[in-house]
Every structure is written in structure tokens, then in C-alpha cells.
K.L.:
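My questions all concern the structure below.
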Amino acid sequence: MSLKLRWSKSALIFGGTAIWGMLLVGCVMVQRTMIVPPQVPGATFVGSGKCADCHESVTSEFHDATHAKLFAPGGNGQEIGCESCHGPASLHVKSGGELGTIINPKGSPETCFQCHLDKRGEFALPNAHPVLAGKMGCSDCHSPHSGDAITEGGTNFASLNESCVKCHTSQGGPYVFEHEASREGCVTCHSPHGSMNAKMLKARNANLCLQCHFQQQTAPGVILIGGRDHASFLSRGTCWSAGCHEAIHGSHVSSSLRF
């Protein structure tokens with residue numbers, strides 16, 4: 001007499017779920033470094049405590065920084081701290097802070113790219129800030145050691161455009177007639193790391209403006225924007241060309257954002 005095992009559909013589902021559960025628990029329980037820190041030839045990791053001996057002004061503010069989340073307790077987490085971005089510091093400590101014995105991410109974005117993989121691709125787009133060319137660094141706009149890495153993050157609306165207007169001063173205003181989009185931040189219209197479009201705009205031509213400015217078609221061939229027929233204007237190119245809304249960031253003379 002032979003016995004044949006028959007698996008019901010519910011038994012297969014339950015068994016499969018149990019196996020996946022065990023695998024997931026196993027992955028979670030494994031102790032391993034999730035970020036591979038940059039390497040310094042001949043150097044070993046000493047832990048972030050050594051950094052505070054000389055860089056107290058930096059480490060004292062680091063507790064509320066976005067990058068403070070890189071810290072991990074325990075022996076396995078010793079490399080996940082200051083050395084996760086600056087590399088192993090034994091030679092730097094031994095030499096008393098000699099240049100070239102530690103990695104300075106300000107001089108190269110490669111350290112940032114090891115976590116922010118998508119930003120490497122964005123900076124390689126046709127229109128981008130010259131980070132890959134070495135003319136500026138990630139820390140020119142971002143604060144890695146204190147507070148929000150993105151200055152205008154969270155509910156910090158008072159400094160919404162602070163990072164941008166440090167360099168683009170004329171676009172910061174103030175203006176008599178302000179473009180409302182600036183209140184929501186420069187990133188409403190621009191992709192700060194890179195874009196396929198000129199001036200790092202998120203969209204081309206009038207398509208960018210029409211994302212906010214309501215258009216209404218009341219009759220064939222008529223497109224009302226702001227109560228005025230723009231059908232003939234839209235075919236001419238961008239809203240800020242051909243003598244229309246050239247003062248796109250703000251104006252001192254016209255509520256229609258003209259010079």
C-alpha cells in the first residue's frame with residue numbers, strides 16, 4: 001500500500017509564506033555594514049570618537065544633522081560614522097591631521113555618490129550644475145554636518161530658496177510683483193542637479209507654465225489663460241520670450257511679470 005501526499009492550495013500558500021518569513025528574519029538578523037565606506041590606503045578605522053578630539057566644533061553639532069543617521073552602535077557599526085564619508089582615519093590621527101591622510105568629500109562628489117547613486121546620473125545630463133567638472137561641490141548647497149542636509153527641508157519655509165540665492169542673487173528679489181512660484185521654491189520650476197532642458201527646467205516651453213496656470217478652452221481655437229486668449233501666443237515658443245513674461249522671477253513694473 002503506497003501513500004500519496006496531496007498538498008492543498010492553502011497548504012502551499014501557508015508553507016511558502018512561512019519559508020519567505022524565515023528568510024526575511026534571517027536577513028534582518030544578520031549583522032553587517034550596509035554602507036561601504038571609502039578607503040584610504042594603509043589606514044584602518046578608529047571610530048568617530050577620535051574625530052571629536054580635534055573637530056569638536058563639527059561633532060558637537062552633528063547630533064541633529066541628517067547624516068547623523070549614519071551612526072550605528074556596537075563594534076560592527078564603528079565604521080558607520082564620520083569615517084563612512086571620510087574613510088578610515090588611523091593615518092590622519094597618527095599624523096596629527098596631515099593633509100592627504102583623510103578623504104575630503106568637498107573636493108570630489110564620489111563619496112556622496114556611493115549613497116546617492118541617482119545624483120551621478122542627474123549631474124551627467126546636458127544641463128547641470130558643474131559638480132562633475134569640479135567647479136563646485138555638494139556641500140556648496142547641502143549641509144552635511146549640522147541640521148537638514150537640504151536647507152529648505154521640512155517646514156523651514158523661511159529659507160526656502162536660501163541655497164540657490166547664495167549664487168543666483170539677482171533672482172532672489174525682493175520684487176514689487178513677485179512670481180508666486182518662488183514662494184514654493186526654485187525647485188518648482190528647476191531640477192537642481194540636472195535636466196535635459198535648458199536652465200535645468202523641469203519641462204520645456206509653455207508646458208512648464210501650464211502646470212500651474214490654468215488653461216480653459218471655451219471654443220475651438222481659443223485657449224484662455226488669465227482671461228486672455230493665448231492660442232496665438234503659445235505657438236510662438238516659451239512664455240518668457242518674444243516680449244511677453246520676460247521677468248519670470250519677478251518684476252518691479254508689471255504684475256504680468258514684464259520688464
Side-chain angles (χ1 to χ4, degrees), residues 24 27-28 30 32-40 45 48 58 61-72 76-77 79-88 102-157 159-168 171-172 181-205 207-212 249:
L24 288 174
C27 291
V28 172
V30 172
R32 63 186 184 274
T33 300
M34 299 301 295
I35 298 174
V36 180
Q39 299 298 310
V40 176
F45 293 93
S48 299
V58 175
E61 298 181 354
F62 193 60
H63 65 279
D64 65 343
T66 301
H67 285 87
K69 298 175 183 178
L70 292 171
F71 275 100
N76 291 336
E79 301 172 8
I80 308 301
C82 301
E83 292 168 301
S84 64
C85 294
H86 295 281
I102 201 74
I103 293 175
N104 183 1
K106 186 174 183 178
S108 172
E110 292 301 320
T111 301
C112 304
F113 290 158
Q114 70 177 353
C115 294
H116 305 283
L117 302 176
D118 58 322
K119 298 300 176 279
R120 183 198 299 272
E122 291 182 27
F123 281 124
L125 292 173
N127 298 280
H129 280 107
V131 170
L132 296 183
K135 296 181 180 180
M136 62 183 297
C138 300
S139 59
D140 290 334
C141 298
H142 300 285
S143 176
H145 295 125
S146 62
D148 291 323
I150 302 175
T151 307
E152 61 271 19
T155 57
N156 193 15
F157 292 111
S159 58
L160 200 60
N161 298 324
E162 183 178 320
S163 298
C164 304
V165 298
K166 285 190 300 184
C167 297
H168 305 280
Q171 282 75 21
S182 63
R183 301 174 190 171
E184 300 182 23
C186 302
V187 294
T188 303
C189 298
H190 299 277
S191 297
H193 298 104
S195 170
M196 293 294 295
N197 305 312
K199 303 182 185 298
M200 292 183 282
L201 293 173
K202 288 187 172 181
R204 296 182 182 182
N205 303 329
N207 292 320
L208 178 68
C209 305
L210 294 177
Q211 292 178 359
C212 295
H249 296 98

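Just so it is clear, the model here is predicted, and its values are computed rather than measured. Computation of the quantities below employed the complete heavy-atom set of this structure, encompassing side-chain atoms and omitting hydrogens, waters and symmetry-equivalent molecules.
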K.L.:
Ignoring hydrogens and angles, tell me if any N or O in the side chain of Asn127 forms a donor-acceptor pair with the backbone of Asn197 under 3.5 Å.
P.N.:
yes
K.L.:
How are the rings of His67 and His116 set to each other: parallel, tilted or perpendicular (split at 30° and 60°)?
P.N.:
perpendicular
K.L.:
Do the side chain of Lys119 and the main chain of Cys138 share a donor and acceptor less than 3.5 angstrom apart?
P.N.:
no
K.L.:
Heavy atoms only: give me the nearest Pro38-Cys85 pair and the separation to one decimal.
P.N.:
CG-O, 3.5 Å
K.L.:
Is there a donor-acceptor pair closer than 3.5 Å between any side-chain N or O of His129 and the backbone N or O of Pro192?
P.N.:
yes
K.L.:
Looking at Lys166, I'd like to know if its NZ atom is crowded, meaning that more than 12 non-hydrogen atoms belonging to other residues, nucleotides or ligands lie closer than 6.0 Å.
P.N.:
yes
K.L.:
Ignoring hydrogens and geometry, is there a side-chain-to-backbone donor-acceptor pair from Thr111 to Pro105 under 3.5 Å?
P.N.:
no
K.L.:
Please confirm whether the backbone N or O of Lys199 pairs with a side-chain atom of His190, one donor and one acceptor, at under 3.5 Å?
P.N.:
yes
K.L.:
For the backbone of Glu61 and the side chain of Ser146, can you confirm whether one donor and one acceptor N or O come within less than 3.5 Å of each other?
P.N.:
no
K.L.:
So Lys106 and Asp140, do their side chains get closer than 4.5 Å, heavy atoms only?
P.N.:
yes
K.L.:
Compare every heavy atom of Asn207 with every heavy atom of Gln211, then report the nearest pair and how far apart it is.
P.N.:
CG-O, 3.3 Å
K.L.:
If you count heavy atoms of other groups shown closer than 6.0 angstrom to CE of Met136, is the number above 12?
P.N.:
yes
K.L.:
Distance check, rounded to the nearest 0.5 Å: His249 atom NE2 versus His168 atom NE2?
P.N.:
9.0 Å
K.L.:
Look at the aromatic rings of His86 and His145 and report parallel, tilted or perpendicular, splitting at 30° and 60°.
P.N.:
parallel
K.L.:
Taking the side chain from Ser48 and the backbone from Cys82, do they hold a donor-acceptor pair closer than 3.5 Å?
P.N.:
yes
K.L.:
Please check: side-chain N/O of Gln114 versus main-chain N/O of Ser84, any donor-acceptor pairing under 3.5 Å?
P.N.:
yes
K.L.:
Minimum heavy-atom separation for Phe113 and Leu132, please, with both atom names.
P.N.:
CE1-CD2, 3.7 Å
K.L.:
What heavy-atom pair brings Ser195 and Leu201 nearest, and what distance separates the two atoms?
P.N.:
OG-O, 2.7 Å
K.L.:
Within this structure, what is the NZ-OG distance for the pair Lys202 and Ser191, rounded to the nearest 0.5 Å?
P.N.:
5.5 Å
K.L.:
Would you mind reporting whether Gln171 and Cys164 have side-chain heavy atoms less than 4.5 Å apart?
P.N.:
no
K.L.:
Ignoring hydrogens, what is the shortest heavy-atom contact between Pro144 and Ala65? Give both atom names and the distance.
P.N.:
O-CB, 4.1 Å
K.L.:
Is it the case that the side chain of Thr188 and the backbone of Gly185 share a donor-acceptor pair, with hydrogens and angles ignored and the cut-off at 3.5 Å?
P.N.:
yes
K.L.:
For residues Ala128 and Glu122, report the shortest heavy-atom separation together with the two atoms involved.
P.N.:
CB-O, 4.0 Å
